[in-house]
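Here's the structure, in structure tokens; my notes come after.
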Amino acid sequence: MSSVEIKKVTDKRGLKTFIEFHYELYKDNKYDAPNLYSDEVSTLSKETNAAFEFCEATYFLAYRDGKVVGRVAAIINNRYNQQWQRKAVRFGWIDLVDDIEVMRALLGAVEDYGRQKGMTEIIGPLGFTDMDPEGMLIEGFDQLGTMSTIYNYAYYPRLMEQMDGYEKDNDYVEYKAFVPEGDMPEKFSKVAQMVEKRYNLHCPLLKRDQIFGPDGYGQKVFDVINQTFGDLYGYSQMTQQQIDEYVHKYFKFLSLDLLCVIEDWNTPDHKVVGVGISMPSLTRALQKCRKGRLWPFGWWHLAKALYLKKTDVVDLLLVGVLPEYRPKGANALLFYTLIPRYQKYGFKWGETHVHMETNTAVQAQWQYLENEQHKRRRCYKKKL
């Protein structure tokens, strides 16, 4: 009989324990990028996460001898299941000590939850939507994590391999793309200048007062994201409520120097057809926020990274171009615009966002920069 006891989170105190377990498990780890406590509360609470409009979730804690030894979230994204004709329960926010009994107890709780809800498979690690971190790290344990991805110890995938019935569903890869020290790569220059001249595509300088509102660039950016990522693994279309939430939550502090949009000036309204969203790496700053709190000094470390850009690393959060504009070389125009800004701030390399290992078109955009594929992460599945 297992010595692991599973308890469902039922109140705010339990949610606090659920969130803080990660800080304890990864205390002093030099690669993990711990989320802010307030952001975790916001994401995991029905009152503040717009994804609960079409998602349902339950959180579980694993105990042994009265001590927390693991956690996991069980999530059902009904919009995703309907769109992809699946009956899948997701597991996410999984953290645990190095113990196969704990892994079996945690995933067993998610499996049981899924069966009770009529699900026929379990997949993960995944969040509520594609905007949440996804995929278990299986390569790159000695590489700096990012705010938008999962970092986990090397024993996590080893334990997953011991779980009966689980198999690979999808792999993601990530690249370290180095910022050129001198001139712009000639290929980017030629293609970008051709794109501007032949197709009348341009990257305008944005102002803060152009971001917000129903016709603002914040809305336009997420319209492009919805169209660009719509057919990718794990993605479900963002609702208007979600878009409003993300624009309000993140665009207030994003540096407009590091936000680039491509407009088609052949259209009357200068239609936005591509976006590149990046920001200085906050990993080192987040590591200095005690248990994810901004006070007393966490705010200063984050402000220094965001506004003084005192970091070598820029995180490439989202890069998306509408399908009909990709063959025209629009991606090159994004980097032609952004690279001089990266050089100005002294960034040495960019951490790309995750993309599917089969998405060779996205991977090809790094070929004209010195690059290194340095991380791989996996989503698993099991029939219930």
Side-chain angles (χ1 to χ4, degrees), residues 1-29 31-32 34-35 37 40-41 43-45 55-76 88-128 132-138 141 150-169 291-292 377-384:
M1 183 176 177
S2 174
S3 60
V4 180
E5 180 184 9
I6 295 293
K7 294 183 180 180
K8 185 161 63 174
V9 172
T10 59
D11 55 24
K12 290 183 179 180
R13 183 177 180 181
L15 184 61
K16 180 175 183 288
T17 301
F18 183 92
I19 295 170
E20 290 192 337
F21 177 70
H22 182 90
Y23 303 135
E24 292 298 324
L25 190 65
Y26 286 86
K27 184 171 58 176
D28 299 326
N29 183 285
Y31 304 114
D32 179 51
N35 288 325
Y37 180 84
E40 288 288 83
V41 171
T43 300
L44 296 169
S45 299
C55 290
E56 47 193 304
T58 296
Y59 314 126
F60 299 100
L61 289 164
Y63 288 83
R64 176 181 281 133
D65 299 326
K67 181 180 179 181
V68 179
V69 290
R71 69 170 190 176
V72 72
I75 301 166
I76 296 176
V89 58
R90 302 173 169 209
F91 70 91
W93 277 266
I94 186 165
D95 280 313
L96 70 160
V97 298
D98 187 359
D99 190 314
I100 188 61
E101 276 195 19
V102 178
M103 179 69 86
R104 286 179 179 140
L106 289 170
L107 291 184
V110 180
E111 292 172 17
D112 289 344
Y113 174 83
R115 291 189 187 97
Q116 293 166 14
K117 295 287 185 176
M119 300 297 104
T120 58
E121 62 178 332
I122 178 174
I123 57 176
L126 290 168
F128 294 91
D132 297 317
E134 51 198 3
M136 182 176 289
L137 193 67
I138 62 172
F141 303 105
I150 297 169
Y151 181 83
N152 54 259
Y153 290 120
Y155 63 78
Y156 283 40
R158 172 170 54 79
L159 294 177
M160 283 300 304
E161 296 301 320
Q162 300 176 52
M163 293 293 296
D164 293 337
Y166 283 85
E167 60 183 348
K168 171 184 171 180
D169 194 22
K291 291 189 175 182
R377 54 189 69 247
R378 179 163 295 169
C379 281
Y380 298 85
K381 66 180 178 180
K382 175 187 175 180
K383 292 182 179 179
L384 298 180

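Throughout, residue positions are numbered sequentially from 1 according to the sequence presented. On a predicted model such as this, the values are computed, not experimentally measured, just so you know.
Annotation for P157 and M136: closest pair N-SD, 3.6 Å, computed over non-hydrogen atoms. Minimum interatomic distance between R64 and S3 (heavy atoms only, all atoms of both residues): NE-OG, 3.0 Å. Scanning all heavy atoms of the two residues, the minimum distance from F21 to D95 falls at CE2-O, 3.6 Å. Here the closest non-hydrogen pair linking I75 and A57 is CG1-CB, 4.0 Å. For the pair A105 and V4, the tightest heavy-atom approach, listed with the atom from each and the gap, is CB-CG1, 3.7 Å. Smallest separation of non-hydrogen atoms from L44 and I19: CD1-CG1, 3.9 Å.
Proximity of a side-chain donor or acceptor of Y153 to a complementary backbone N or O of L96 within less than 3.5 Å is not detected. Side-chain atoms of Y23 come within 3.5 Å of backbone N or O of N35 as a donor-acceptor pair. Counting only distance, with no hydrogens or angles, the side chain of R90 and the backbone of G127 share a donor-acceptor pair below 3.5 Å. Distance alone, capped at 3.5 Å, is enough to place a donor-acceptor pair between the R377 side chain and the I150 backbone.
Residues I76 and M119 are in side-chain contact: their nearest non-hydrogen atoms beyond the backbone lie under 4.5 Å apart. Side-chain contact check for D169 versus Y380: every heavy-atom pair is 4.5 Å or farther apart. Taking 4.5 Å as the limit, some side-chain heavy atom of D98 sits within range of a side-chain heavy atom of R158. Looking at heavy atoms from C-beta onward, L106 lies in side-chain contact with I6 at the 4.5 angstrom threshold. By the 4.5 Å heavy-atom criterion applied to side chains, H22 and Y37 are not counted as neighbours. Here the side chains of D99 and V69 are not in contact, with every heavy-atom distance at 4.5 Å or above. Side-chain contact between M160 and L107 is present, with at least one heavy-atom pair separated by less than 4.5 Å.
Atom CD1 of residue I100 and atom CE of residue M163 lie 6.0 Å apart, to the nearest 0.5 angstrom. In this structure, CZ in R378 is found 15.0 Å from CD in E134, a value given to the nearest 0.5 Å. To the nearest 0.5 angstrom, D112 atom CG is 8.0 Å from F60 atom CZ. The distance from atom OG1 of T58 to atom NZ of K117, rounded to the nearest 0.5 Å, is 6.5 Å. Atom-to-atom distance recorded for L15:CG and R71:CZ is 10.0 Å, nearest 0.5 angstrom. Note that CD of E111 is 3.5 Å distant from OH of Y166, once rounded to the nearest 0.5 Å.
Partners of D32 under the salt bridge (charged side-chain N to carboxylate O under 4.0 Å, His left out) rule, at least two apart in sequence or in another chain, do not exist in this structure.
For CG of D65, the number of neighbouring non-hydrogen atoms (other residues, nucleotides, ligands) closer than 6.0 Å is 12 at most. Within 6.0 Å of NZ in K168 there are more than 12 heavy atoms belonging to other residues, nucleotides or ligands.
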Mind running side-chain contact (heavy atoms from CB on, under 4.5 Å) on K291 and E24 for me, showing each step along the way?
-> CA-CA 8 Å; K291 291 189 175 182; E24 292 298 324; 3.1 Å; yes
List the steps, then state whether ring-ring contact (aromatic ring centres under 6.0 Å, His included) holds for F18 with Y59.
-> CA-CA 8 Å; F18 183 92; Y59 314 126; 5.3 Å; yes
Walk me through it: do L384 and V89 pass the test side-chain contact (heavy atoms from CB on, under 4.5 Å)?
-> CA-CA 10 Å; L384 298 180; V89 58; 4.1 Å; yes
Chi angles and distances behind the side-chain contact (heavy atoms from CB on, under 4.5 Å) call for Y31, L137 | CA-CA 12 Å; Y31 304 114; L137 193 67; over 6 Å; no
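Applying the ring pair (Phe, Tyr, Trp, His ring centres under 6.0 Å) test to every pair with at least one member in residues 90-120, sequence neighbours left out, gives these pairs: W93-F128.
For the 3.5 Å distance criterion, the side chains of Y26 and N152 fail to qualify, holding no donor opposite an acceptor.
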